[in-house]
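Convention: sequence-line order gives letters A, B, ...; per-chain numbering from 1. If you're wondering where the values come from, they're calculated on a predicted model, not measured in any experiment. Computed from heavy atoms alone, side chains included, the values below leave out hydrogens, waters and symmetry copies.
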Amino acid sequence: MSPLLEVRGIGKQFGSVVALADVSTQVSGGTVTCVLGDNGAGKSTFIKILSGAHRHDSGEYLIDGSAVRLDSPREALDRGIATVYQDLAMVPLMPVWRNFFLGSEPTKGWGPLRRLDIARAKETTRRELLDMGIEIRDPEQPVGTLSGGERQSVAIARAVHFGARVLILDEPTSALGVKQAGVVLRYIMQARQRGLGVIFITHNPHHAYPVGDRFLLLKRGRSLGEYGKDDITVAELTQLMAGGAELEQLGHELAAFGEVAARIEEEVATLAAPVKSEDEQP
Amino acid sequence: MTVDQEAPARRSAAPERHRVRRVLARPEIGALVGALVVFAFFATLSEVFRGPAGIANWLDPASTLGIMAVAVALLMIGGEFDLSTGVMTGSTAIVTGLVATRLGWNVWLAIAVSLVFAVAVGFLNGYLVMRTGLPSFIITLGSFLMLQGLNLGVTKLITGTVLIRGLADVPGYHSASMVFASTVSLFGGAFRVSILWWIGLTALAVYVLRRTAFGNWVFSVGGDVRAARNVGVPVVRTKITLFVTTAVAAWLVGTMTILRLTSIQANSGIGQELIYIVAAVIGGCLLTGGYGSAAGATLGALIFGMVSQGIVYVGWDADWFKFFLGAMLLLAVLTNQFVRRYAEEAGK
């Protein structure tokens, strides 16, 4: 079986600036491919090519084994490649179910009597969200009252419902706190379990490592290599991303700082000791 | 630890409280309470006010204002303003009047020409706003001033005065008048047919807004236009349709006005545009768009009608009317803000 999505030596230039060169990877159903890189590594160019916002200049882009050139995000969507952007494409003041179906509303009736099928829309919303493991109290609840993680999850559930086979998640955890990021990571695992191919873009190896099956590292528009989960540890991943030597230098600095800190701590402890014993006196 | 003990009790109380909040969070709730208070107030002070003749009397200004307020509310929910709505009730009447009295066309035909004119102006407003990306406040302020000048200039040029009259002598006047400007006697009150139009259009607007895909789009283009575009809502078409809707509403009110009076002043309707907006805001529309209610706007218009006539019935100086309206507006905006914050806490 050919992978859902594959790129071979793909590249993109803006004038004389090479934004991306010679990047290859493939995404199969039921796997999570993490694309890691620091700011300016070419992550956004890469996903814009995959999502149809940019056309690639070199290399090959294959969907279901056949080469494609996408001219718009709509085209990508029609082939089942859905992108969930950071800005989420949701209207905060509108209820969850209205947001869920915004732009693709289910209707019943005919001609001038064509109207929203509200019962079906609410029911579908509730079911799809439950399948993702999100329980909302009330589909009438405005999206603005959901937490950041829940909002991301609604966006993911929506993409899945509208026929996505490959989900591209653009930094879904970057604006979230630790707990909320955990919520989103869980939904990524849910999507994977449902057999979707997930491309998870992030600059945080600690978010990528627990959920990823493959790790594609980008730096200055080039691939630093692609690793399976068994080939690499989270420490190695971090080191590769930051650039080994730089991180080692940083490590020395931190260690030196640590020595200073330890000495200060010691002094504080000795100063505090007599005070404490005085306090204990009645 | 006390928190843990309270938790189950709180959870069981939550759905109940949630429902209460949801009712309170409806945008039109402030206007509904306001309308009841205003009615109770004037009804106790004046017997005429609560009689059939009185009711017919205050429903009349409420009806024409309500037709406009509903259309303006839709546009405001869609995130735009239209300052040319007031002057358009004059312009459309003037077009009808000139075509009928000067060209001698059948009144129905003149009304149709006027409708085409209204759709064109509405489309132009919407097209310019969408094309330039400028605030609709500025674009429609421009069309407002231009139309105001045109109304006066053209009327004077053709009639030599600032009044167009003699519509009653044109063929088709009586049948058109039946549809747009007749009165129905009921329980001793003379009710204007415009009240029926008003109720019908309010029901239509509520239906479209809450029960159709288009209504969903209206909320979305006002709430977050980028998000709407991202998920494939036809933003430009939706907004232009809303501008055309306000223009067509102005055409309806203009037609009612000229058929009722059989004549029209060149400065008719000017200054009303802000009152339409006030009614929509009292009805729960946010100035920033994306939130509001058609039924609320109608209630806002009802308050306006009751106050404007009620003040006369209780024998006060009519000068106080504007003060009262301003106070209502402030109160409504503050209530809306409070209620919305309260409602949003329900989700946290």
Side-chain angles (χ1 to χ4, degrees), chain A residues 51-53 72-78 82-109 111-119 121 136-148 150-151 154-155 158-159 161-162 170, chain B residues 11 14-23 25-27 76-79 204 206-235 237-238 284-286 288-293 336 340-348:
Chain A
S51 67
S72 73
R74 189 78 237 174
E75 249 179 76
L77 213 55
D78 290 343
T83 312
V84 176
Y85 287 104
Q86 255 170 318
D87 57 34
L88 285 176
M90 279 210 245
V91 185
L93 280 172
M94 290 174 76
V96 174
W97 71 270
R98 283 185 184 269
N99 262 292
F100 196 93
F101 282 101
L102 186 57
S104 319
E105 290 85 356
T107 52
K108 59 182 179 187
L113 284 176
R114 220 167 79 141
R115 58 205 185 273
L116 284 181
D117 193 342
I118 294 178
I136 48 167
R137 271 161 299 184
D138 179 3
E140 281 288 355
Q141 202 178 333
V143 158
T145 63
L146 299 179
S147 68
E150 285 174 323
R151 249 181 279 180
V154 173
R158 177 168 71 185
H161 176 73
F162 287 107
D170 181 16
Chain B
R11 203 166 300 138
E16 188 60 35
R17 201 178 47 179
H18 195 67
R19 200 156 356 156
V20 173
R21 275 185 198 252
R22 230 172 74 187
V23 170
R26 295 193 68 92
M76 283 178 69
I77 295 169
L204 180 69
V206 169
Y207 172 79
V208 167
L209 208 50
R210 304 203 61 88
R211 302 266 154 177
T212 68
F214 181 77
N216 224 20
W217 300 346
V218 171
F219 279 107
S220 72
V221 297
D224 187 337
V225 73
R226 247 183 44 183
R229 199 171 275 134
N230 275 345
V231 295
V233 171
V235 171
R237 206 174 81 204
T238 304
C285 283
L286 283 186
T288 44
Y291 191 78
S293 145
N336 281 350
R340 223 159 52 86
R341 216 172 276 158
Y342 180 71
E344 275 171 6
E345 271 172 25
K348 298 225 168 92

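Of all heavy-atom pairs spanning A:Leu93 and B:Gly289, the tightest one is CD1-O, 4.1 Å. B:Arg211 and A:Arg115 get closest at one heavy-atom pair: O-CB, 3.2 Å. Across B:Gly223 and A:Val91, no two heavy atoms sit closer than the pair CA-CG1, 3.6 Å.
Heavy-atom distances place both the backbone and the side chain of A:Leu102 under 4.5 Å from chain B.
The line from CG of A:Leu113 to OH of B:Tyr207 is 5.5 Å long, rounded to the nearest 0.5 Å. We find the CE-CG distance between A:Met94 and B:Asn216 to be 4.0 Å, quoted to the nearest 0.5 Å. B:Arg210 contributes atom CZ, which lies 5.5 Å from atom CZ of A:Arg98 (distance to the nearest 0.5 angstrom).
Chain A forms more heavy-atom pairs under 4.5 Å with one residue of B:Trp217, B:Phe219, B:Phe214 than with any other, namely B:Trp217.
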